[in-house]
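Below, read A as the first sequence line, B as the second, and so on, with proteins coming before strands; counting in each chain starts at 1. Values in this document were obtained by computation on a predicted structure and should not be read as measured data.
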There are 2 protein chains.
Amino acid sequence: MTLSPVEESEFGVSGCLDTKQRLLDAAVKIFSEKGFHATSMRAITQEAQTSLSAANYHFGTKEELLRLALQQRVKLFNDRRLTLLQKSKKEAGEATLSIEQVFEAYLQPFFERRTEWVFQGVSPAGLAIRLYLDMPEFVARVRKEAFTVINHRFVTELEEALPGFSSCVLEEALQLGTGVAIHAAIDVFEMNLNASDEKKRAGSRLENTVRFVAAGVCAVNGGPFIGPSDLGENS
Amino acid sequence: MTLSPVEESEFGVSGCLDTKQRLLDAAVKIFSEKGFHATSMRAITQEAQTSLSAANYHFGTKEELLRLALQQRVKLFNDRRLTLLQKSKKEAGEATLSIEQVFEAYLQPFFERRTEWVFQGVSPAGLAIRLYLDMPEFVARVRKEAFTVINHRFVTELEEALPGFSSCVLEEALQLGTGVAIHAAIDVFEMNLNASDEKKRAGSRLENTVRFVAAGVCAVNGGPFIGPSDLGENS
DNA sequence: GTCTATATGTTGATAGAC
DNA sequence: GTCTATCAACATATAGAC
């Protein structure tokens with residue numbers, strides 16, 4: 001997995017690639033691969049072919065380096081969302097957009113690997129996702145083990161409830177449902193960092209999530225829409 | 001935030017609470033609060049009122065301690081799922097369960113704080129969620145900052161597409177959509193640890209996710225179901 | 001601006017007495 | 001089984017030469 005440490009960057013502020021930008025690129029690369037905690041400043045400076053002190057001169061702390069690196073990449077990501085949104089609005093003319101169109105603009109960049117984004121194998125979405133799921137490899141493995149049996153049990157159950165669906169689709173549905181529930185339950189466990197103003201009805205959180213997931217599963221494979229469409233193909 | 005270090009444990013293998021179990025309880029508590037990386041063995045042993053060597057004697061490594069602690073808690077979580085499933089099947093009699101019923105059994109424990117589970121303020125779901133979103137506080141803050149503007153923009157857009165919906169509901173919908181997309185995109189970025197057998201059609205991943213989320217949002221607040229129901233109240 | 005060298009603290013894990 | 005004492009490796013951060 002050897003690769004030339006510096007080739008070219010689409011973020012270069014000046015003509016040539018200075019140390020600061022090399023550090024930002026290296027930070028994006030290694031943060032994306034290993035997450036925040038598991039990444040050491042030494043690894044980043046080594047990747048950028050510079051020294052530990054240079055990094056501290058430019059950024060002060062590891063946290064500030066992450067902040068700037070993330071900002072640089074996320075800007076590309078979010079600009080892309082706005083571009084997609086504008087494109088849809090232009091095509092729609094006077095009509096208002098459907099929620100499908102809005103969500104498509106919002107979610108599509110997660111699934112794209114635009115060549116002008118990818119730098120040393122890393123795309124902006126890769127970093128964002130990595131920071132969301134910032135667990136060491138071992139944790140992911142143990143967690144997966146702990147839920148293998150129960151998930152298999154529930155896939156079997158879903159197969160009974162939805163006879164026409166393939167098991168791998170239902171596996172995926174269960175994974176998506178877990179993702180939804182986790183995000184829905186975050187502030188139930190007071191792990192949210194924003195002021196939970198609690199204007200949302202807490203009591204109906206479970207019911208809403210169940211409805212959300214069940215409707216989503218049916219929409220994906222039980223609806224009129226089977227297989228790939230032409231959505232997003234003109235990107 | 002002082003609390004008596006040892007009160008009682010529902011996991012006691014023997015009559016009294018030995019060092020090994022105290023370590024497991026302390027591990028669950030601190031792993032749940034801080035995640036894996038940010039938790040030191042010293043913090044766990046201090047909480048358990050024992051020494052670092054005792055932990056290493058019983059578990060060998062920090063990873064093994066996490067594995068065993070997680071297994072112990074997850075068993076309660078998954079047993080609860082099975083109980084709920086059995087209850088629904090019993091009530092259904094001969095009829096097969098709906099997917100709503102299946103997902104309800106699967107997801108409900110995420111939102112429960114059963115008194116017999118909670119030990120020193122930690123429930124099994126709390127640990128599972130923490131391990132999913134195992135980021136340091138700083139990372140969560142920076143990530144949130146980076147997406148504040150764009151999220152506000154898309155909430156505005158959704159308000160236009162769904163005039164009757166409240167903005168806080170749409171904020172929540174966007175968060176859930178992000179959760180879905182992240183989980184759906186994980187193996188797009190080859191961050192999945194299981195052998196991605198790629199029998200799932202990769203090309204339609206985005207379209208399925210968009211449909212999933214859009215249908216989910218409508219089902220939660222556009223469907224016949226508004227506000228709290230009696231689902232799960234008899235738990 | 002960038003480097004070498006170092007300060008200071010923490011980590012997970014181990015050795016050996018009891 | 002549990003402890004004290006210690007290890008080597010790693011972390012972030014800084015001082016000062018150039």
With a 4.0 Å cutoff (strictly under), does any side-chain N or O of B/Thr19 reach OP1 or OP2 of D/dG1?
no

What's B/Thr45 touching, base or sugar-phosphate or nothing? Going by heavy atoms closer than 4.0 Å.
nothing

Applying ring-ring contact (aromatic ring centres under 6.0 Å, His included) to A/Phe154 and B/Phe103, what does each step give before you reach the verdict?
CA-CA 9 Å; A/Phe154 270 84; B/Phe103 273 114; 8.4 Å; no

For the side chain of B/Ser53 and the base of D/dT4, is some donor closer than 3.5 Å to an acceptor across the two?
yes

So, does B/Thr50 get its side chain near the phosphate of D/dC3, meaning an N or O under 4.0 Å from OP1 or OP2?
yes

What's the spacing between B/Tyr106 OH and B/Ile99 CD1 if we round to 0.5 Å?
14.5 Å

When rounded to whole Å, the CG to P distance for the pair A/Asn56 and C/dA5 reads 17 Å

Students often get this wrong, so: under 4.0 angstrom with heavy atoms, is A/Ser51 touching a base, only sugar-phosphate, or nothing?
base

Report the distance from atom CD of A/Gln49 to atom P of C/dC3, rounded to the nearest whole Å.
10 Å

Nearest-angstrom distance from the residue atom NZ of B/Lys20 to P of D/dG1
9 Å

Contact under 4.0 Å: A/His37 side-chain N or O vs D/dA11 OP1/OP2:
no

Are B/Glu63 and B/Arg67 ion-paired here, with the side-chain N under 4.0 Å from a carboxylate O?
no

Between the base of D/dT12 and the side chain of A/Ser40, is there a donor and acceptor pair under 3.5 angstrom?
no

According to a strict under-4.0 Å criterion, is B/Thr61 in side-chain N/O contact with OP1 or OP2 of C/dG12?
no

Length of the CZ-C1' vector between A/Arg22 and C/dT2, whole Å
11 Å

Interatomic distance where CD1 belongs to A/Ile44 and C1' belongs to D/dA13 [whole Å]:
15 Å

Under 4.0 Å between a side-chain N or O of B/Tyr57 and OP1 or OP2 of D/dT2?
no

A/Lys62 to A/Phe36 six-membered ring, cation-pi geometry met (6.0 Å, 45°)
yes

Measure CG/A/Leu23 against P/C/dC3 and give the value in whole Å, please.
9 Å

Just N and O in the side chain of A/Arg42: are any of them under 4.0 Å from OP1 or OP2 of D/dA11?
yes

When you check the gap from the basic side-chain N to the acidic O, do A/Lys29 and A/Glu33 get nearer than 4.0 Å?
yes

Can you measure B/His58 atom NE2 to C/dG12 atom C1' for me and round it to whole angstrom units?
17 Å

How close or far is atom C1' of D/dA11 from atom CD of A/Glu63, stated in whole angstroms?
13 Å

